[in-house]
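I have placed the structure first, in the form of structure tokens, so that the comments after it can refer back to it.
Model, not experiment: these values are computed from the prediction.
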Amino acid sequence: VQLQASGGGLVQAGGSLRLSCAAPGLTLSNYHMGWFRQPPGNEREFVASISWDDHKLYYADSVKGRFTISRDNAKNTGYLQMTSLKPEDTAVYYCGAYGSRYYNNYYAVQAARYEYWGQGTQVTVSS
């Protein structure tokens with residue numbers, strides 16, 4: 001099963017984008033979901049996560065107050081709404097999902113915890 005990330009593109013600083021993460025073959029509402037990004041020449045880093053029941057959200061300090069993670073269970077799709085974008089947000093963005101009875105931020109920030117990944121979508125923010 002592979003998730004399908006989309007919605008990336010080129011945007012000017014201060015602009016907005018909404019990334020989508022479709023999950024064909026997977027009932028996304030049964031899984032914790034996260035977004036990670038990999039800037040050029042850097043390792044993949046945590047951006048945001050949401051628990052399976054949508055009750056717990058967690059964000060990296062660098063995006064807190066600017067990005068919002070959500071999901072639409074009827075569409076079986078997760079989202080990352082990005083506003084006030086900065087050039088340092090430029091990266092390939094990946095969505096992931098993992099199953100666990102309990103949600104914990106400690107595990108949600110670890111890419112190795114995720115069982116399913118999307119192929120990545122490029123976000124480029126120009127200054």
Side-chain angles (χ1 to χ4, degrees):
V1 174
Q2 183 170 25
L3 307 180
Q4 298 174 353
S6 62
L10 174 63
V11 63
Q12 288 189 331
S16 300
L17 281 175
R18 188 178 78 158
L19 306 183
S20 299
C21 179
L26 191 72
T27 303
L28 197 57
S29 59
N30 291 337
Y31 294 83
H32 311 307
M33 200 188 84
W35 287 91
F36 288 72
R37 66 187 182 187
Q38 187 163 10
N42 289 303
E43 295 183 352
R44 193 172 297 192
E45 62 185 34
F46 170 79
V47 175
S49 60
I50 184 169
S51 61
W52 71 272
D53 58 3
D54 297 349
H55 288 176
K56 296 182 180 179
L57 311 179
Y58 189 60
Y59 297 92
D61 288 343
S62 59
V63 307
K64 201 173 296 183
R66 300 188 298 121
F67 290 11
T68 303
I69 188 171
S70 64
R71 76 172 99 208
D72 184 333
N73 292 333
K75 296 182 178 179
N76 203 37
T77 300
Y79 302 98
L80 184 69
Q81 178 69 50
M82 306 185 295
T83 63
S84 302
L85 283 162
K86 305 175 181 180
E88 51 264 44
D89 294 319
T90 294
V92 177
Y93 282 71
Y94 299 89
C95 61
Y98 73 96
S100 175
R101 183 173 183 180
Y102 300 107
Y103 172 85
N104 189 298
N105 291 340
Y106 176 80
Y107 295 113
V109 304
Q110 299 176 27
R113 191 75 179 179
Y114 290 73
E115 301 168 69
Y116 306 101
W117 287 99
Q119 79 285 8
T121 184
Q122 176 71 47
V123 172
T124 303
V125 184
S126 63
S127 57

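In this structure, Leu10 and Ser126 approach most closely via the heavy-atom pair CD1-CB, 4.4 Å. Taking both residues in full, the closest heavy atoms of Gly120 and Val92 are given as CA-CG1, 3.8 Å, listed atom of the first, atom of the second, then distance. Annotation for Leu3 and Ala97: closest pair CD1-N, 4.0 Å, computed over non-hydrogen atoms. Looking at every heavy atom in both residues, Thr121 comes nearest to Gly7 through OG1-N, 4.0 Å.
At a threshold of 4.5 Å between side-chain heavy atoms, the hydrophobic network of Ile, Leu, Val, Met, Phe, Trp and Tyr places Leu17 and Leu80 in one connected group. Tyr102 and Ile50 fall into different hydrophobic clusters, where Ile, Leu, Val, Met, Phe, Trp and Tyr are joined by side-chain heavy atoms under 4.5 Å apart, directly or via other members. Under the 4.5 Å side-chain heavy-atom criterion for Ile, Leu, Val, Met, Phe, Trp and Tyr, Leu57 and Tyr103 are members of distinct hydrophobic clusters. Follow the hydrophobic side-chain contacts under 4.5 Å out from Val109 and you reach Tyr114 in the same cluster. A continuous path of hydrophobic side-chain contacts links Val63 to Leu85 [ILVMFWY only; heavy atoms under 4.5 Å].
Between the side chains of Tyr107 and Asn105, no donor N or O sits under 3.5 Å from an acceptor N or O. Looking at Thr124 and Gln122, their side chains do bring a donor and an acceptor atom within 3.5 Å of each other.
A 4.5 Å side-chain heavy-atom check between Pro24 and Gln2 finds every atom pair outside the cut-off. Leu28 is not listed as a side-chain neighbour of Asn73, based on a closest heavy-atom distance of 4.5 Å or more. Between Gln81 and Ser16 there is a side-chain heavy-atom pair separated by less than 4.5 Å.
Taking CD of Gln4 as the reference point, atom OG1 of Thr77 lies at 9.0 Å (rounded to 0.5 Å). Within the model, atoms CG of Leu19 and SG of Cys95 stand 9.0 Å from one another, a figure rounded to the nearest 0.5 Å. To the nearest 0.5 angstrom, Met33 atom CE is 11.0 Å from Leu26 atom CG. Rounded to the nearest 0.5 angstrom, Arg37 CZ and Asn42 CG are separated by 10.0 Å. Atom CH2 in Trp52 sits 10.5 Å away from atom CZ in Arg101 (nearest 0.5 Å). Between atom NE2 of residue His32 and atom CD of residue Glu115 there is a gap of 9.5 Å, rounded to the nearest 0.5 Å.
At a threshold of 4.0 Å, the pair Lys86-Asp89 does not count as salt-bridged, since none of the basic side-chain nitrogens sits closer than that to a carboxylate oxygen.
Using modelled atom types, one side-chain atom of Ser51 and one backbone atom of Lys56 make a donor-acceptor pair closer than 3.5 Å. Put simply, the side chain of Tyr59 gets close to the backbone of Ile69: a donor and an acceptor are under 3.5 Å apart. Side chain of Asp72 to backbone of Lys75: a donor-acceptor contact under 3.5 angstrom is found. A donor-acceptor contact shorter than 3.5 Å is absent between the side chain of Tyr31 and the backbone of Ser100. No donor-acceptor distance shorter than 3.5 angstrom exists from the side chain of Asn76 to the backbone of Thr27, with no hydrogens or angles considered. Ser49 places no side-chain N or O within 3.5 Å of a backbone atom of Gly34 that could act as its donor or acceptor partner. Checking side-chain atoms of Arg66 against main-chain N and O of Ser84 turns up a donor-acceptor pair under 3.5 Å.
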Pair Phe46-Tyr58, ring-ring contact (aromatic ring centres under 6.0 Å, His included): steps then yes or no: CA-CA 10 Å; Phe46 170 79; Tyr58 189 60; 5.7 Å; yes

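Partner of Phe36 under the ring-ring contact (aromatic ring centres under 6.0 Å, His included) criterion, chosen from Tyr94, Tyr93, Trp117: Trp117.
Cation-pi contact between Arg18 and Tyr79: present, with separation from the ring centre below 6.0 Å and deviation from the ring axis of at most 45°.
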